[in-house]
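Right, one structure below, let's go through it.
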Amino acid sequence: MATHLKVSHLINGEWLAHDEGFESRNPANLEELVAIAPIGTEETVLEAAHSAQHAFSKFKRSPAPYRGELIHNLGALVRSNKEALAQLLTREMGKPIREARGSVQEVIDTCVFFASEGRRLYGQTVPSEMPNKKLFTFRRPVGVCGIITAGNFPIAVPAWYIVPAVLCGNTIIWKPSEIAPGIAHAFASLMEKSGFPKGVLNVVHGGGKTGEALAGLCDKGLIQKIGFTGGTQVGKQIGQKAGLNLQKACLELGGKNPLVVMPDCNLEAAVEAAVFSAFGTSGQRCTSLGILMLHESIKEVFLDHFLEKVTQITIGDPRKEDTFYGPMMAKRFMDDYQSFCDEWIEPHHEIRSPSKGRITSHNPWLKTNDSDLMLGLYAHPVVVDNVKSTDTLFLEETFGPIMGITSFNTFDEALDLANTSGYGLSAAIFTNDPKAAFTFQEEVRSGMISINNSTSGAEAHLPFGGIGRSGNGARQSGIWVIDEFTYWQSVNWDYSNAHQLAQIDVPEIPFDPHYTI
Ligand code: UN1
């Protein structure tokens, strides 16, 4: 059995180990300890804040191309450690190895993108209304950024924040998910080995209380930006705290993502996409499919194929290449899933998949590639039909392998259904009709739209994020995230040797507004 990692906080370039802490266990085999990590207190968080502040005073002055080079180094190190990182990620949070490699690739893609942004980070030159005067804009770093992330993408999503933030000259206090301290530690060590000055990245481990202490730095004026990926309820509290301090939080919250299937589409492609959207990562993506919306005319044909594919899903040890999905990340997600199975499935619903609840010897799943599912937190894929738009299952995120199905007769009904939950992260439609596709894009309130693709699986250089219950409109990834980690500074430079007043010292242009031909 592999030995476990001893995880430390990282503050001002020092690794601070503690004897007491919390454990992360392999969710595919709960006997296996993956890491022991310390719990950050308010004091730890304060120390990290002072370290980040101190580092900021120097790092903000460093040239952006130099910071791009640091990111280039990080990308190269992540690439050369890709397989080891993917294996650790799988062992610690249970996503299948194929997806874990994809997650690590997402970090590399982010580094590739932002390494070259170090040689852009453009401002503008703007014409002045006065002679002998120049106007410019510059991007300035916001300061110390507090980043709190989730366990389902334990290094890809942190990289979406940390990489652009440091590229812009900010410094970081990161509280990784308590589900995956080991992989966070590995990522932090690679950052350290990439040449970042000490104090640019500070890592404080812990659970909700540590996160609260970090968010509390907002009130103390010790952080200038907070980034949070997680549940909508906590996101609201963090957004409120930031707002009270006149800051804009970067919030990436939940989703109840719809996938609409029109009768004219390629049904096989839609079936494949729906299976992956619903059950990839055991449904634990914020972009996972929540409600499948089927046109009445194809509903049963679609479901024949869909349910056949669902029953053929291989649930197993996530280290095996042919595992479609592995365990739930941690016990609390399994507990939530079980209570949703018990409480959100109502008498008028019809379960169309073989079973529901935790997989046990009394409630087995048949396709398991010789994995022992009794060792871990495995859950049945649950397909619930006849879900109405007023049902809890229609309206609330499950963050697990439970999906609902509803049907519609007209396209307008489908649009209404897709807008009902008030979430607005990712929405998908399968159709070959350009009018339907573009009407869907224009009418559905969602940060991300997929046409003939799954609800999940965004590329690392398109803006990622939601509106409504899914977030406050902040965006990650690509050039758009730079607006989160910089503020615009405008500069005017008057070299006329006089004090010229804009709007006032501008000569009038003689003309007759009443002239007619
Ligand atoms: C998340 O679940 O928080 O688009 C992020 C996707 C992934 C990222 C998901 N690239 O599904």
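Start at 1 and go down the list; that is how both ligands and their atoms are numbered. In this chain, residues are counted from 1 in sequence order.
Each of the following atoms of ligand 1 lies closer than 4.0 Å to a heavy atom of E252: 3 (O). Atoms of ligand 1 lying under 4.0 Å from any heavy atom of S456, numbered from 1 in the order shown and given with element: 11 (O). In summary, the atoms of ligand 1 found under 4.0 Å from a heavy atom of G457, numbered by their order in the structure, are 4 (O), 6 (C), 11 (O). Of all atoms in ligand 1, listed by their number and element, those nearer than 4.0 Å to a heavy atom of A458 are 4 (O), 6 (C), 10 (N). Of all the atoms in ligand 1, the ones that sit under 4.0 Å from a non-hydrogen atom of W160 are 8 (C). Ligand 1 places these atoms under 4.0 Å from at least one heavy atom of R285: 2 (O), 6 (C), 7 (C), 11 (O). Which parts of ligand 1 touch N152 is read off a 4.0 Å heavy-atom cut-off, strictly below it: atoms 1 (C), 2 (O), 3 (O).
At least one heavy atom of E106 sits closer than 4.0 Å to an atom of ligand 1.
Taking atom 1 (C) of ligand 1 as the reference point, the nearest protein heavy-atom neighbour is C286 SG, 2.8 Å. At the shortest separation from atom 9 (C) of ligand 1 among protein heavy atoms lies F153 CE1, 3.5 Å.
Atom-to-atom distance recorded for N73:CG and F196:CZ is 8.0 Å, nearest 0.5 angstrom.
Here R101 pairs with E321 in a salt bridge; the nearest charged N to carboxylate O distance falls below 4.0 Å.
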